Amino acid sequence: MPKDWFEWHDLYNSEPKLQQRLQIVREYISHSLDVSLPGIIRVVSVCAGDGRDLLGTLSKHPRAKDVYARLVELDPKLVERGKLAIESAGLAKQIEFVNGDATNSSNYAGAVPADIVIVCGIFGNLADEAELNRLLRNLSLLSKKGSLIIWTRGETKDIRHSDTVRKLLREADFEEVSFKLTPTGDMAVGLHRYLGEGSALLENQQLFVFSGTPNRAAQPVFQTSGE
Ligand SMILES: C[S@@+](CC[C@H](N)C(=O)[O-])C[C@H]1O[C@@H](n2cnc3c(N)ncnc32)[C@H](O)[C@@H]1O
C-alpha cells in the first residue's frame, strides 16, 4: 500500500473536509437504519478503516441492536482499534471486523446480501473509470434489491469526479436517494438504492484493485484531493 493508512486516519482530527465527510456518511448510515424493515439489518463495510463511520452512528442509534455487520480492512492496527471500539460499545456479538483483503469476495461470505453497503474512501484509490465501473457492477454480489449503498469521492479543482460516479451508478442499476458535497466543496457523499436483483457471491473473485492512486498515465493531469 502506498500510504500509511493508520496515519491517514489522524487527518480526521484536523481536516474539515474529512470531518464534514464523516458527518454526512454517518447521517446517511443513520437514515438507512431508520428506513430499514423491522428485524436484522445486515451491513458490510468495504475497506472499513477503523469503522468510525458505522460505530459512531450505532453508538446513538435505536436500531443498533438489530445490526449485524462485517467490516473488512487490511491494516491490522486499524482493525485492532476498531475491535476495541466494538467491545467497549458492547457490540462484539454483532459486529465482526475482518483483517483481510476487501477486494476478495470470500471475505464477505456469510455476511451478504447486505441491507447497507459502505464503500467510503475507495473510489479515489482506483486506477481509472473502468476499475470504478468494475467495482460498482460487483456491488451486485454484496447487495439485493433495495440495498442502500453509501459512498464517497474526493473532487478536484477542475474535475467533478462525483459526476462520473453518479453516471456509472445509474448505468449499474442504482437510483440516487441523496447526494451532498461537504461545505468545503471538495468531498462528495452519495446514498444510492440498488434496483437489481443481486448476484450469487462466488468464492475468490477479485471485486476491484485498490491501487491507492489513479493511473495518471491514462488520465489528464490533475491535482488529486484524496479519497
Ligand atoms: C481512504 S481509507 C478509508 C477508510 C474508511 N473507509 C473511511 O472512510 O474512513 C482507505 C482504507 O482502505 C484500506 N485498504 C486498502 N486496500 C485494502 C484492501 N485490499 N483490503 C482492505 N482494506 C484495504 C486502507 O488500509 C484504508 O484503511
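Atoms considered below: every heavy atom in the structure, side chains included; atoms not considered: hydrogens, waters and symmetry mates. We count ligands from 1, going down the list as the structure has it; atoms in each ligand are counted the same way. Please read these numbers as outputs of a predicted model, since none were measured by experiment.
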Next on the checklist: Looking at K77 and D75, is there a salt bridge between them, counting it only when a charged N and a carboxylate O are closer than 4.0 Å?
Outcome noted: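 Not counted as a salt bridge, because no side-chain N and carboxylate O are separated by less than 4.0 Å.
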Next on the checklist: Any salt bridge linking E129 with K167? Criterion: basic side-chain nitrogen under 4.0 Å from a carboxylate oxygen.
Outcome noted: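 The answer is yes: the pair qualifies as a salt bridge.
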With heavy atoms of [X] as the reference, note each atom of ligand 1 found under 4.0 Å away.
| X | value |
| --- | --- |
| T103 | 19 (N) |
| A48 | 5 (C), 6 (N) |
| F210 | 10 (C), 12 (O), 15 (C), 16 (N) |
| G100 | 20 (N), 21 (C) |
| C120 | 3 (C), 5 (C), 6 (N), 8 (O) |
| L78 | 27 (O) |
| Y12 | 7 (C), 8 (O), 9 (O) |
| D101 | 18 (C), 19 (N), 20 (N) |

Quick one: do the [X] and [Y] side chains pair a donor with an acceptor below 3.5 Å?
| X | Y | value |
| --- | --- | --- |
| S30 | T57 | no |
| T152 | R21 | yes |
| N107 | D101 | no |

Next on the checklist: Out of G154, G124, G121, who is nearest to atom 10 (C) of ligand 1 when you count heavy atoms only?
Outcome noted: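 Residue with the shortest heavy-atom distance to the ligand atom: G121.
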Item to check | From the candidates L22, L74, D50, the one that places a heavy atom nearest atom 18 (C) of ligand 1 | outcome: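 Residue with the shortest heavy-atom distance to the ligand atom: L74.
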Checklist entry - In the hydrophobic clustering that connects Ile, Leu, Val, Met, Phe, Trp and Tyr at side-chain heavy-atom distances below 4.5 Å, which members other than Y68 occupy its cluster, ordered by chain and number? => result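 Y68 clusters with I40.
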Checklist entry - In Å and rounded to the nearest 0.5 Å, what is the CD to CG distance from E197 to D173? => result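 One gets 9.0 Å once the value is rounded to the nearest 0.5 Å.
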Checklist entry - Has ligand 1 got any nitrogen or oxygen that is less than 3.5 angstrom from a nitrogen or oxygen of D53? => result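 No.
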Next on the checklist: So, 4.0 Å and heavy atoms of W8: is ligand 1 close enough to count as a contact?
Outcome noted: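 Contact check W8 vs ligand 1: positive.
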Item to check | Region of R21 that comes within reach of ligand 1 [heavy atoms, distance under 4.0 Å] | outcome: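 It is the side chain that touches ligand 1; the backbone stays farther off.
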Next on the checklist: Heavy-atom distances under 4.0 Å decide this one: backbone, side chain, both or neither, for H9 against ligand 1?
Outcome noted: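 The side chain, only.
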Checklist entry - Is a donor on one side and an acceptor on the other found under 3.5 Å between the side chain of E203 and the backbone of S106? => result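 No; judged by distance alone, with no hydrogens or angles, the pair does not exist.
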Item to check | R193, R42, K144 screened by salt bridge (charged side-chain N to carboxylate O under 4.0 Å, His left out) with D115, the one that passes | outcome: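 Of the listed residues R193, R42, K144, the salt bridge (charged side-chain N to carboxylate O under 4.0 Å, His left out) partner of D115 is K144.
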